[in-house]
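Below is one structure, written out as structure tokens; the observations come after it.
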Amino acid sequence: MKTLIRMKNNKKKSVFIDGAISSAFIADSIAKHQTKTSIGAHNIFLGQVRADEVNGKKVSAIEYTTYEEMANKKFHEIREATFEKYNLTCMHIYHSIGNVNAGEICLFVFVSATRRKEVFPAIEFVVNEIKAQVPIFGKEVFEDESHQWKSNT
Amino acid sequence: MKTLIRMKNNKKKSVFIDGAISSAFIADSIAKHQTKTSIGAHNIFLGQVRADEVNGKKVSAIEYTTYEEMANKKFHEIREATFEKYNLTCMHIYHSIGNVNAGEICLFVFVSATRRKEVFPAIEFVVNEIKAQVPIFGKEVFEDESHQWKSNT
Amino acid sequence: MNITVKYFGVLAELTQCMEETIVFTKSTVIELLEVVYQKHPTLNGKNFKVALNNELVDMGTIVSEVEVALLPPFSGG
Amino acid sequence: MNITVKYFGVLAELTQCMEETIVFTKSTVIELLEVVYQKHPTLNGKNFKVALNNELVDMGTIVSEVEVALLPPFSGG
């Protein structure tokens with residue numbers, strides 16, 4: 001709900017979604033592209049929270065926080081750089097903020113192009129840039145409510 | 001419906017789907033993976049029918065036919081080769097048969113792995129192999145009901 | 001022997017036939033195709049491949065299967 | 001001048017603070033961090049980067065902005 005309010009106020013689409021990204025949201029996003037009949041290929045990347053085991057304890061969820069102002073700037077730069085490098089028709093990025101349980105989706109990147117050759121390198125570029133450039137912080141919460149801080153490698 | 005009956009009879013999943021692949025079907029497929037908590041990354045490729053213009057006429061649909069016996073063998077070989085090459089948790093391929101309108105989805109490839117590095121080359125490999133190896137034939141039908149036969153390049 | 005010849009895509013359209021039985025007395029794929037071309041002159045000059053037992057074969061292959069498929073360029077995906 | 005220092009992720013947890021105002025009389029990032037370390041000894045030896053105006057900067061950069069962010073390793077995606 002916060003996301004919707006933010007979208008209306010800023011008159012621009014927000015990347016951040018409160019909690020997990022639902023499969024219904026992804027389906028809706030796919031369906032919206034059916035009027036764009038110059039598109040021949042879509043590529044979708046989904047990040048899913050793993051129930052990793054660390055010292056015998058299982059991750060039950062990740063809690064994401066962000067430096068939102070810088071994150072939005074970085075997402076914007078990644079968007080611009082991607083459209084510069086690849087011949088895409090459109091591109092969407094959504095990232096969870098707050099709690100996402102193991103098995104749920106926390107990142108949804110969606111690129112579309114006339115031809116399939118463009119989408120493969122584009123999706124990989126976007127995902128790697130997000131991981132490297134965007135100040136998002138994941139706290140892995142274990143089943144016993146202890147936690148550790150995640151770090152992208 | 002035909003697909004469902006075929007699945008039950010053969011006791012194995014069919015790749016072919018009658019008509020367009022719906023976004024609801026894709027959402028359902030994504031949701032089914034939420035119990036697999038060793039997965040950290042999904043990559044989905046969707047082929048969408050383009051309303052290409054040829055000599056002033058617009059493609060309104062593609063009608064797909066196949067040599068099903070050989071196609072199923074080739075899909076099986078592609079599956080085996082992909083699992084051999086990449087460290088994937090699971091993989092699904094669906095291709096339309098029959099009529100698919102411009103803007104609708106005709107190919108759905110879904111690969112999942114513990115780590116994102118595996119999914120990018122895997123999805124590209126699978127899509128390229130399908131285009132090159134599987135005997136599927138697309139008839140592009142124009143708005144005036146004339147047609148031309150598609151050919152992968 | 002009796003060979004079932006299957007036509008796909010544009011080839012089915014050109015021959016107006018999806019499947020037919022051809023009595024074949026010779027041995028290789030190219031010899032079978034000579035019979036096919038005689039029955040269906042519209043196939044002359046068309047681009048296609050031949051599959052036996054669900055695998056593409058070349059023109060010199062011995063026709064050992066009773067089912068032969070003529071496949072135009074693939075266009076899935 | 002008055003600098004707003006923001007702490008994120010594990011740094012917010014260690015300082016038990018998300019944002020605070022620090023009166024700063026010197027000039028560079030490293031000089032600001034000396035003040036920060038004095039207030040929050042738990043940050044000593046921790047791995048983080050510093051952002052000014054939404055861009056990462058190095059230790060010698062002049063603190064020209066009133067908002068400075070301390071960012072632990074990123075872990076989005």
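Keep in mind it's a predicted model, so treat the numbers as computed, not measured. Here is the naming used below: chain letters follow the sequence lines, and residue numbers restart at 1 for every chain.
- Note: A/Ile30 leads A/Val109, A/Ile30, A/Leu107 in heavy-atom pairs under 4.5 Å with chain B.
- Although no hydrogens or angles enter the test, the distance criterion places a donor-acceptor pair under 3.5 Å between the side chain of A/Arg50 and the main chain of B/Thr114.
- Here the straight-line distance linking atom OG of A/Ser38 with atom CD of B/Glu53 works out to 12.0 Å at 0.5 Å rounding.
- Remark: A/Asn101 CG to B/Gln34 CD distance equals 10.0 Å, nearest 0.5 Å.
- Top candidate by heavy-atom pairs under 4.5 Å with chain B, chosen from A/Ile123, A/Ile26, A/Ile39, is A/Ile39.
- Screening B/Phe45, B/Phe120, B/Phe125 for a ring-ring contact (aromatic ring centres under 6.0 Å, His included) with A/Phe120, the sole residue that qualifies is B/Phe45.
- Around atom CG of B/Asp144, more than 12 heavy atoms belonging to other residues, nucleotides or ligands sit under 6.0 Å away.
- Contact count against chain A (heavy-atom pairs under 4.5 Å) is highest for B/Gly103 among B/Ser22, B/Gly103, B/Ala31.
- Panel note: side chain A/Gln48, backbone B/His33; a donor-acceptor pair is recorded below 3.5 Å.
- Of the listed residues (B/Pro121, B/Ala24, B/Ala51), the one with the most heavy-atom contacts under 4.5 Å to chain A is B/Ala51.
- Proximity to chain B (any heavy atom under 4.5 Å) is shown, for A/Lys58, by neither the backbone nor the side chain.
- B/His42 is not listed as a side-chain neighbour of A/Ile44, based on a closest heavy-atom distance of 4.5 Å or more.
- No other option in B/Ser112, B/Ala41, B/Gly40 has as many heavy-atom pairs under 4.5 Å with chain A as B/Gly40.
- Interface remark: B/Val119 contributes side-chain atoms only to the contact with chain A (heavy atom separation under 4.5 Å).
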